Amino acid sequence: MTYYFTSLIQSSECRVNVIPKQAQVVIVGGGIVGCSVAYHLVGRGYKDVVLLERKQLTSGTTWHAAGLVGQLRATHNLTRLAQYTTELYSKLEEISGQATGFRQVGSLAIANDLGRLEELKRGASMARCFGLDVNVLTPGEAKALWPLMDVADLIGAVHLPRDGQTNPIDTTQALVKAAKAGGARIFENVKVTGIVVENGVAKGVRTSDGELRSEFVVNCAGMWAHELGCSVDAAVPLHAAEHFYIVTEPIAGLQKNLPVLRDGNACSYFKEDAGKLLVGWFEPVAKAWGYEGIAENFEFETLPNDLDHIEPLLEAAIRRVPALGDAGIQLFFNGPESFTPDNRYLLGETPEVRNLYVAAGFNSIGIQSAGGAGKVLADWIVDGHPPMDLWDVDIRRMVPFQRNRKYLKDRTVESLGLLYAMHWPFRQPESARGVRRSVLHDRLKAKGACFGELAGWERPNWFAPEGVEPRYEYSFGRQNWFQYSAAEHRSTRQGVALFDQSSFGKYVLEGPDAETVLNNICANDVAVAVGRVVYTQWLNNRGGIEADLTVTREATDRYLIVTAAATQTRDLAWLKRNIPDSARVVAYDITSAYSVLGVMGPDSRKVLSKLTNADLSNDAFPFARSQIIDVGYARVRASRITYVGELGWELYIPTEFSQGVFDALYEEGFPSNIKLAGYHAMNSLRLEKGYRHWGHDITDEDTPLEAGLGFAVALSKSTFVGKDALLRQHESGLKRRLVQFALENPERLLYHNEPIWRDGVLSGRITSGMFGHTVGTALGMGYVENQNGIADAAFVNGGTYEIEIAGERIKARANLSAPYDPKSFRVKDIADQSAPPISVTS
Ligand SMILES: Cc1cc2nc3c(=O)[nH]c(=O)nc-3n(C[C@H](O)[C@H](O)[C@H](O)COP(=O)(O)OP(=O)(O)OC[C@H]3O[C@@H](n4cnc5c(N)ncnc54)[C@H](O)[C@@H]3O)c2cc1C
């Protein structure tokens with residue numbers, strides 16, 4: 001294995017441990033990620049950058065990586081960042097003067113069943129949105145590129161000619177050389193023993209060689225990042241797992257510069273290197289490692305082999321490349337790598353400690369992601385905000401419990417395999433389940449709920465009728481729950497349905513300055529009468545949408561803020577950081593204190609009226625009002641709002657009263673044929689109504705004007721965060737608009753990331769999609785750009801549209817308003833004389 005160490009010798013010059021007392025940025029960890037952050041920071045003009053490595057550079061995980069540099073990833077952000085990495089590595093040798101071993105040999109991903117082929121083709125379509133060079137091949141064409149491969153069972157492949165492979169150590173050293181040339185100082189054998197935090201702000205690090213004060217601290221400590229973060233209560237949820245590969249003896253007839261071969265269904269990858277094959281695996285049941293901690297002297301370590309574990313994997317690899325069966329094995333390798341609960345890395349400023357940034361948990365794609373991750377993190381530090389929507393990888397998507405070691409260990413067993421597993425739509429994790437349960441969980445389970453998981457919450461996605469097992473059968477077509485979810489949708493449109501929405505994030509902002517503080521954070525006007533509910537966005541200074549939520553005025557000095565489960569951590573952090581030091585308010589999280597039951601549908605008033613003496617008429621209880629009312633034996637906050645586009649109330653019930661209220665509602669709803677409904681039905685209903693979903697349709701790089709949410713912006717207010725940016729955009733006109741699409745072929749389904757073609761020109765991508773059971777076809781939203789002018793209604797309506805699904809373009813109708821009840825007659829419960837009767841088609 002000596003060739004791995006060649007370039008380490010060159011780094012010996014920087015092993016003199018005289019660390020400074022002060023720096024602008026301290027980076028903890030000298031793996032490829034820390035070095036990339038250093039390189040990009042100096043590139044942004046930060047010269048006073050210090051990187052500290054406890055042992056030698058690359059001695060953690062980086063040194064033993066296989067060096068695959070692929071660009072096509074499961075999400076658009078991961079793809080965009082990997083794409084940048086490839087571009088950087090292709091010129092890094094020229095930039096640094098250090099050979100990297102990067103070779104642009106391309107990659108080949110193969111499919112031997114229809115599901116895998118659809119996944120690859122959908123990925124190829126997504127890749128086109130970012131200008132990636134990608135070709136769909138026949139088995140014969142794939143064989144021509146990889147002659148030693150058995151293609152008898154193949155039905156197709158995807159080739160990315162510009163993918164590559166690199167030497168991870170040399171590439172890291174090239175980043176180091178370029179970073180040092182730009183002024184960065186790099187110290188080996190200096191261990192960071194703690195982070196200095198004062199008043200919630202990182203102020204430097206304590207090290208084996210003394211204290212170093214700094215403006216920013218960046219935790220790039222690989223699998224040690226969890227422990228380092230926890231030392232200051234900043235959760236970095238990751239856990240190591242064992243990752244296996246072998247290297248063969250030279251194989252006769254093995255072509256040079258073969259593309260990297262990925263056989264997802266066999267969990268295998270194959271890389272040609274110097275006439276040998278490196279074969280590695282992402283098996284479905286992996287081995288978590290390091291639960292008890294990592295030895296202090298861990299440096300360039302390998303882990304013991306486990307031939308029993310890899311034997312079935314090796315056999316599958318031999319079936320794909322039979323020549324492997326005759327090849328001698330030079331090296332059985334096993335090394336640890338960190339994995340996160342959702343198989344995406346952790347990037348950004350921690351919500352707990354200001355100026356403490358993280359780039360860790362790279363799930364075995366750290367080499368191919370390091371360039372992009374280092375770049376965007378450097379931009380984030382220098383500019384104070386991410387350079388683009390990074391929600392996929394943003395550390396603020398994590399919730400505090402996720403630092404729990406047992407949870408991480410149990411989930412990691414599954415996370416490793418997810419890299420090559422089928423990325424089915426609606427795929428749910430199978431490990432570490434049942435972590436956060438609503439108090440209604442057991443009741444819903446008894447009534448057939450099939451739960452999905454989000455931020456640890458078990459949430460009913462759909463309900464199986466009696467005799468049907470509540471279990472997913474995945475496919476890219478209509479899955480087994482389609483008809484049951486359609487029935488839930490129907491009940492909501494035509495009768496009444498109950499939704500358990502307890503996972504909503506809920507906060508209180510309270511104090512004499514609550515109105516002033518919140519009105520500056522909210523784009524809408526929240527200086528309203530007590531009992532009013534306001535739908536609003538929180539914007540950044542660029543006008544981008546940081547949060548999308550409702551604000552209920554509970555008292556003159558108290559607001560209830562309700563947001564999605566996925567953004568519980570992020571939105572609370574945003575709220576707290578936007579409270580001026582001098583303001584007399586407190587913000588606190590009350591998520592666990594209340595269950596939320598949505599009683600939705602035209603019959604909701606009838607059902608609810610049986611349990612309360614409150615007047616629920618339009619006059620006494622109009623839309624967007626909230627009151628505390630009796631329901632059964634409980635006192636609950638009833639808010640007349642909806643995410644499904646019908647008359648309905650969200651009931652905020654103190655947790656201990658929730659089961660009683662649920663039982664009473666269910667019983668009273670019986671004569672009205674009340675139905676329990678899940679999140680899949682809700683998604684279908686909200687898309688028909690054109691309700692946006694933060695993280696998909698609206699993010700911190702989209703403004704309310706672009707998103708068609710101008711109605712929720714109170715430009716008449718004297719000031720609020722983001723107002724100036726909106727005014728500027730209003731004046732200059734919009735270059736892009738969020739448009740709603742309905743497919744003309746109702747058999748095809750939209751999920752997200754499908755390219756949008758306008759008059760034959762690639763103009764955007766679908767941000768979210770679902771089948772709309774009332775309109776009878778798949779619906780999607782997506783931004784349409786006008787490169788050469790203004791994206792006004794005339795531009796949007798003047799085009800013909802196609803949505804690309806797995807390489808095929810399907811005609812679509814585009815509309816700026818909602819496909820269902822665009823004037824909200826039903827939500828407001830006002831008769832619409834012009835409306836045709838509702839017919840639910842599926
Ligand atoms: C077998 C294997 C094959 C792989 N193949 C690929 C591949 O083909 N392509 C790909 O993209 N990725 C691959 N990976 C993943 C890739 O190697 C990692 O994602 C990547 O190296 C992570 O880099 P890092 O800088 O985050 O972590 P590391 O390389 O582990 O760097 C973290 C550094 O922080 C230091 N450190 C920790 N704590 C402290 C402290 N308190 N003070 C100072 N220093 C500290 C450590 O010593 C370590 O050097 C592979 C991984 C494995 C295990």
Side-chain angles (χ1 to χ4, degrees), residues 19 26-38 51-71 73 78 82 85-86 89 107 163-169 171-172 175 187-195 205-209 217-229 231 238 240-247 260 262 269 271 273 278 280-282 286 289 294 296-303 331 333-340 345-347 358-374 416 419:
I19 64 164
V26 176
I27 299 165
V28 187
I32 194 162
V33 173
C35 297
S36 175
V37 174
L51 184 148
L52 303 176
E53 163 56 46
R54 60 187 262 285
K55 300 288 184 189
Q56 291 178 56
L57 294 174
T58 74
S59 65
T61 297
T62 296
W63 69 278
H64 54 54
L68 276 47
V69 185
Q71 302 171 90
R73 305 258 49 96
L78 294 177
T85 304
T86 308
Y89 291 176
S107 77
D163 275 4
Q165 59 186 60
T166 199
N167 179 323
I169 293 179
T171 306
T172 308
L175 290 165
F187 297 89
E188 295 181 295
N189 299 309
V190 179
K191 181 178 175 184
V192 171
T193 54
I195 298 169
V205 292
R206 283 183 288 279
T207 81
S208 49
D209 287 23
V217 176
V218 192
N219 180 355
C220 299
M223 58 192 174
W224 294 265
H226 175 269
E227 195 187 334
L228 188 63
S231 69
L238 56 81
E242 302 183 27
H243 181 33
F244 298 88
Y245 63 66
I246 57 163
V247 180
V260 169
R262 291 190 179 83
Y269 57 85
K271 178 187 106 163
D273 202 350
L278 184 154
W281 296 281
F282 291 101
W289 181 84
I294 302 169
E296 184 60 33
N297 60 357
F298 190 97
E299 180 181 13
F300 295 117
E301 289 278 334
T302 62
L303 304 179
L331 171 72
F333 188 85
N334 179 13
E337 158 69 336
S338 351
F339 292 86
T340 60
Y345 44 86
L346 305 169
L347 214 60
V358 174
F362 276 85
N363 298 285
S364 240
I365 56 165
I367 307 302
Q368 60 193 269
S369 308
L416 179 138
L419 200 68

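Small disclaimer: the values here were computed from a predicted structure and weren't measured. Whatever order the structure lists them in is the order used to number ligands and atoms, beginning at 1.
Checked against side chain to side chain contact (heavy atoms under 4.5 Å, CB included), Thr171 has the following partners two or more places apart in sequence or in another chain: Ile32, Tyr89, Leu92, Thr100, Thr166. Partners of Glu301 under the side chain to side chain donor-acceptor pair (under 3.5 Å) rule, at least two apart in sequence or in another chain, do not exist in this structure.
In this structure a side-chain-to-backbone donor-acceptor pair under 3.5 Å is present from Lys271 to Ala66. Without hydrogens or angle criteria, Thr340 side chain to Tyr345 main chain gives no donor-acceptor distance under 3.5 Å. The backbone N or O of Asp163 lies less than 3.5 Å from no partner atom in the side chain of Thr86, so there is not a single donor-acceptor pair. The backbone N or O of Ala225 sits less than 3.5 Å from a side-chain atom of Asn219, completing a donor-acceptor pair. Between the Ser231 side chain and the Gly194 main chain, no donor and acceptor come within less than 3.5 Å of each other.
Ring-plane geometry between Tyr245 and Phe333 is classed as parallel, the angle between the planes falling under 30 degrees on a 0 to 90 degree scale with a further cut at 60.
Atom 31 (O) of ligand 1 has as its closest protein heavy atom Gly31 CA, 3.3 Å. For atom 38 (N) of ligand 1, the closest non-hydrogen atom of the protein is Trp224 CB, 3.4 Å. In terms of protein heavy atoms, atom 29 (O) of ligand 1 is closest to Thr62 OG1, 2.5 Å. Counting protein heavy atoms only, atom 53 (C) of ligand 1 is closest to His64 CE1, 3.0 Å. With hydrogens left out, the protein atom closest to atom 52 (C) of ligand 1 is His243 CD2, 3.5 Å, a heavy atom. The protein heavy-atom contact nearest to atom 36 (N) of ligand 1 is Arg54 CD, 3.5 Å. The protein atom (non-hydrogen) at minimum distance from atom 42 (N) of ligand 1 is Val192 N, 2.9 Å.
For the pair Glu337 and ligand 1, the shortest N or O to N or O distance falls below 3.5 Å. Some N or O of Gln368 is nearer than 3.5 Å to an N or O of ligand 1, by distance alone. Looking at ligand 1, you'll find an N or O of Val33 within less than 3.5 Å of one of its N or O atoms. Residue Ala65 places no N or O, backbone or side chain, under 3.5 Å from any N or O of ligand 1. Checked against a 3.5 angstrom limit, the closest N/O atoms of Thr61 and ligand 1 fall inside it. Of the polar atoms of Ser369, none of the N or O atoms is found under 3.5 Å from an N or O of ligand 1, judged by distance alone. Distances between N or O atoms of Leu68 and those of ligand 1 include at least one value under 3.5 Å. Taking distance alone, with nitrogen or oxygen atoms compared against 3.5 Å, Ala359 stays at or beyond that limit from ligand 1.
Heavy-atom contacts of Ile365 reach the following atoms of ligand 1: 10 (C), 11 (O), 12 (N) (cutoff under 4.0 Å). The ligand atoms of ligand 1 that sit less than 4.0 angstrom from a heavy atom of Cys220 are 32 (C), 34 (O). Those atoms of ligand 1 with a heavy atom of Gly30 less than 4.0 angstrom away are 33 (C), 34 (O). Taking a cut-off of under 4.0 Å to the non-hydrogen atoms of Gly67, the atoms of ligand 1 that pass are 7 (C), 8 (O). The atoms of ligand 1 that sit less than 4.0 Å from any heavy atom of Ile32 are 23 (O), 25 (O). Less than 4.0 angstrom separates some heavy atom of Gly335 from each of these atoms of ligand 1: 53 (C). Near Ala66, the atoms of ligand 1 lying under 4.0 angstrom from a non-hydrogen atom of the residue are 3 (C), 4 (C), 5 (N), 6 (C), 7 (C), 8 (O).
Contacts of Ala225 with ligand 1, taken as heavy-atom pairs under 4.0 Å, are absent altogether. Under 4.0 angstrom from ligand 1, the non-hydrogen atoms of Leu52 all belong to its backbone. Only the side chain of Tyr245 comes within contact range of ligand 1, with a heavy atom under 4.0 Å; no backbone atom does.
Here the CD1-CZ distance, from Ile27 to Phe187, works out to 12.5 Å after rounding to the nearest 0.5 Å. Here Leu78 contributes atom CG and Ser369 contributes atom OG; the two are 6.5 Å apart, rounded to the nearest 0.5 Å. Atom CG of Asn189 and atom CD of Gln56 lie 6.5 Å apart (nearest 0.5 Å).
A heavy-atom separation below 4.0 Å is found between Ser364 and ligand 1. Within the structure, ligand 1 has Val190 among the residues with a heavy atom less than 4.0 angstrom away. Ligand 1 is never approached by Leu228 to a heavy-atom distance shorter than 4.0 Å. For Pro336, the closest heavy-atom approach to ligand 1 falls below 4.0 Å.
In terms of heavy-atom proximity, Cys35 sits nearest to Leu57 at SG-CD2, 4.3 Å.
With Trp289 as the fixed residue, the ring pair (Phe, Tyr, Trp, His ring centres under 6.0 Å) test singles out one of Phe298, Phe339, Phe244: Phe298.
In this structure, Phe300 has its ring center at least 6.0 angstrom away from the ring center of His64.
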